[in-house]
Undergrad: 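Before anything else, here's the structure in question.
All ligand and atom numbering here is 1-based and tracks the order in the structure.
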Amino acid sequence: MITEIIAQELDTEQFISEKVEEIKDAVTDGTAINALSGGVDSSAVTMLGHRALGSQLKTVFVENGLMREGESEQVVGFFEKLGVTVDVVDARKEFFAALKGITHPEQKREAVTQTFYKDVFGRLVRQSGAKHLLQGTILTDVDETVAGIKRQHNVFEQLGIDPQEAFGYKIIEPLIQLRKDGVRRVGKALGLPVELFDRIPFPGPALAARVIGEVNPERIETVRKATVIVERLLKNTDAFQYMAILHEDRVTGMRDGKRDFGLQIELRCWDSIDARTATPTNLPYETLTNLAAEITQEVPGVVSVTYNIANKPPSTIEAI
Ligand code: XMP
């Protein structure tokens with residue numbers, strides 16, 4: 001049973017010093033490795049890990065081919081300024097090979113999870129001699145997995161999976177008692193820049209969580225291009241999270257006076273405190289029509305743009 005620490009009751013300095021001690025005690029004089037995606041949770045864990053372990057921690061950014069445009073350069077740049085060296089590991093081929101032909105949402109999640117933890121991390125751990133993986137699992141990830149809603153990419157123990165047995169290393173999860181609002185406070189206290197601690201959440205399976213049907217490089221590129229537009233046009237809203245989703249069905253559209261069986265992009269923009277429940281943001285109609293105009297012009301093949309107006313529940317924030 002994990003005891004929740006709610007954001008309003010969190011003493012960030014005390015939390016940080018306790019977690020730093022716990023990480024030191026677990027790793028002792030060994031080495032640990034951590035995967036930085038540039039999301040709020042993994043960024044906070046990277047800083048905690050560096051406080052605790054310094055050069056005993058190796059931080060990697062796994063380029064899985066599913067990230068947003070320019071993400072690796074941006075994240076590596078931010079952390080360089082914070083004095084943290086990040087190695088970029090190119091694993092694009094492995095991820096796309098694992099995702100080939102899979103359309104079922106949970107099977108896609110499982111393919112990303114297995115490739116990440118077993119193949120890519122298994123190899124990195126063997127190469128580096130690390131015995132621990134430090135990662136930013138938060139309580140919401142555990143809740144949703146245990147409730148059987150979504151198999152979150154990073155949850156094992158609560159499903160009866162022993163990472164040591166399954167993958168050959170132990171997992172340390174210093175943020176597991178927190179939710180997103182608490183992690184943001186810890187991230188700020190750890191000296192992360194506002195661009196990182198206040199970043200909109202981004203899921204472990206990355207853009208694969210936003211492609212309905214098969215995930216392949218071409219379909220990821222479509223959703224990536226739409227994501228650039230959505231993030232640019234919605235960044236000044238106070239929304240919790242916003243995204244573009246690529247649908248599987250083709251719809252009839254027209255281009256240059258001819259029929260075009262085109263692609264459909266669904267937009268979602270959520271108001272939420274902690275991701276457990278969420279409501280669609282009441283965006284100005286003009287914002288929506290600007291989004292539709294830019295996406296249909298700039299993203300090849302898209303003929304339809306819709307806005308999701310259902311709450312979570314019964315919707316979820318991501319599409320898979
Ligand atoms: P859902 O889609 O379950 O998302 O309503 C709730 C929040 O969690 C994020 N999310 C994930 N985060 N690994 C993560 O670290 C995952 O596998 C994952 N799936 C969803 C989602 O972006 C939202 O903020």
Undergrad: Using 30° and 60° as the class limits, which term best fits the ring planes of Phe167 and Phe156: parallel, tilted or perpendicular?
TA: perpendicular
Undergrad: Go through it in stages, so that I can follow the logic: the residues are Glu318 and Arg109, the test is salt bridge (Lys or Arg N to Asp or Glu O under 4.0 Å), and I'd like the CA-CA distance, side-chain angles, deciding distance and then a yes or no.
TA: CA-CA 12 Å; Glu318 305 290 346; Arg109 285 180 168 264; over 6 Å; no
Undergrad: Report the C-alpha separation of Asp274 and Arg276 in whole Å, then their side-chain angles, then the decisive distance to 0.1 Å, and conclude whether the salt bridge (Lys or Arg N to Asp or Glu O under 4.0 Å) test is met.
TA: CA-CA 6 Å; Asp274 58 15; Arg276 280 187 288 185; 3.0 Å; yes
Undergrad: Can we say Lys225 and Glu221 salt-bridge, meaning some charged N sits less than 4.0 Å from an Asp/Glu carboxylate O?
TA: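 Yes.
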Undergrad: State plainly whether one hydrophobic cluster holds both Ile317 and Ile265, where clusters connect Ile, Leu, Val, Met, Phe, Trp and Tyr through side-chain heavy atoms under 4.5 angstrom apart.
TA: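 No; Ile265 is not reachable from Ile317 via cluster members.
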Undergrad: Any protein N or O within less than 3.5 Å of an N or O in ligand 1? List each pair with its distance, or say none.
TA:
unit_1, atom_1, unit_2, atom_2, d
ligand 1, 2 (O), Lys150, NZ, 2.6
ligand 1, 2 (O), Ile317, N, 3.2
ligand 1, 2 (O), Glu318, N, 2.7
ligand 1, 3 (O), Glu144, OE1, 2.5
ligand 1, 5 (O), Lys312, NZ, 2.6
ligand 1, 5 (O), Ile317, N, 2.7
ligand 1, 13 (N), Gln152, OE1, 3.3
ligand 1, 13 (N), Gly204, N, 3.2
ligand 1, 17 (O), Arg109, NH1, 2.9
ligand 1, 17 (O), His153, N, 3.2
ligand 1, 19 (N), Arg109, NH2, 3.1
ligand 1, 19 (N), Gln152, OE1, 3.4
ligand 1, 22 (O), Gln241, NE2, 2.8
ligand 1, 22 (O), Glu318, OE2, 2.5
ligand 1, 24 (O), Gln241, OE1, 2.8

Undergrad: Answer yes or no: is there a side-chain heavy-atom contact under 4.5 Å between Arg259 and Thr252?
TA: yes
